Amino acid sequence: MIRNQFKEIVENRGFDQAILKLQEERNDIVNYEELKDIAIHEIANDYISVAADILDCMDTNDDWYRYDMTLGLANSPVPLFDIEDVEKYIGFDEEE
């Protein structure tokens with residue numbers, strides 16, 4: 001998705017709808033419930049350090065996060081509040 005497409009969806013349908021669309025294209029955007037499930041899964045598999053890191057980041061109870069599950073402790077979840085966070089932590093393709 002390019003920046004202008006994302007901004008257009010935000011303007012017309014809101015940030016949550018734009019994030020849902022972006023989530024279809026990427027595997028590193030999760031919502032609060034999905035992130036909580038990941039933490040539970042890590043606990044069940046005795047990866048307590050990874051779960052603790054996830055839970056520490058979830059303390060703010062935000063709706064959306066950027067989290068690459070393949071990186072483990074090398075990557076902590078980052079809350080996504082608005083388009084500026086998306087631009088800062090995710091970036092966009094310049095052209096399709």
Side-chain angles (χ1 to χ4, degrees):
M1 176 181 296
I2 62 174
R3 179 178 284 107
N4 290 340
Q5 289 173 319
F6 187 82
K7 286 183 176 182
E8 183 178 319
I9 296 170
V10 169
E11 290 172 10
N12 294 329
R13 299 189 319 193
F15 183 73
D16 284 342
Q17 290 301 312
I19 285 287
L20 284 170
K21 178 68 175 160
L22 193 59
Q23 187 182 37
E24 291 174 6
E25 299 176 10
R26 301 180 56 98
N27 62 1
D28 63 344
I29 298 176
V30 294
N31 65 35
Y32 178 83
E33 291 300 319
E34 292 166 335
L35 196 56
K36 186 169 66 172
D37 289 343
I38 293 167
I40 291 168
H41 174 78
E42 298 298 346
I43 291 168
N45 288 298
D46 289 330
Y47 294 112
I48 305 303
S49 299
V50 175
D53 184 55
I54 292 170
L55 293 171
D56 283 344
C57 295
M58 294 178 68
D59 192 37
T60 57
N61 197 23
D62 298 306
D63 292 334
W64 296 100
Y65 296 84
R66 179 192 173 274
Y67 182 61
D68 186 343
M69 294 175 278
T70 63
L71 297 177
L73 285 175
N75 180 50
S76 296
V78 176
L80 301 173
F81 298 108
D82 53 33
I83 194 167
E84 288 81 18
D85 290 333
V86 174
E87 289 176 329
K88 180 177 178 181
Y89 295 111
I90 295 174
F92 292 97
D93 297 329
E94 291 307 316
E95 299 291 328
E96 283 197 318

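All heavy atoms count here, side chains included; hydrogens, waters and symmetry mates do not. Predicted model, so just to flag it, every value in this text is computed and none were measured.
When all heavy atoms of K7 and I83 are compared, the closest pair comes out as CG-CD1, 3.1 Å.
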Enumerate, atom names and distances included, each donor-acceptor pair closer than 3.5 Å involving a side-chain atom of residues 8-21, sequence neighbours excluded.
| unit_1 | atom_1 | unit_2 | atom_2 | d |
| --- | --- | --- | --- | --- |
| N12 | ND2 | E8 | O | 3.2 |
| D16 | OD1 | W64 | NE1 | 2.9 |

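For the atom pair R66 CZ and L22 CG, the distance stands at 11.0 Å (nearest 0.5 Å). Note that CD1 of I48 is 9.5 Å distant from CG of L55, once rounded to the nearest 0.5 Å. Between the CE atom of M58 and the OG atom of S76 there is a distance of 13.0 Å, given to the nearest 0.5 Å.
For E84, the salt bridge (Lys or Arg N to Asp or Glu O under 4.0 Å) criterion is met by no residue, not counting sequence neighbours. Partners of D62 by salt bridge (Lys or Arg N to Asp or Glu O under 4.0 Å), not counting sequence neighbours: none found. Residues satisfying the side-chain contact (heavy atoms from CB on, under 4.5 Å) test with N45, not counting sequence neighbours, are H41, Y47.
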Query raised in the report: What do the steps show when you test Y67 against D28 for side-chain contact (heavy atoms from CB on, under 4.5 Å), and what is the final call?
Result: CA-CA 5 Å; Y67 182 61; D28 63 344; over 6 Å; no
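Residues V78 and D85 fail the side-chain proximity criterion, which asks for heavy atoms closer than 4.5 Å. Side-chain contact check for L35 versus C57: every heavy-atom pair is 4.5 Å or farther apart. Between L80 and Y65, every side-chain heavy-atom pair lies at or beyond the 4.5 Å cut-off.
Sorted by first and then second residue, the salt bridge (charged side-chain N to carboxylate O under 4.0 Å, His left out) pairs with a member in residues 29-43 read E33-K36; sequence neighbours excluded.
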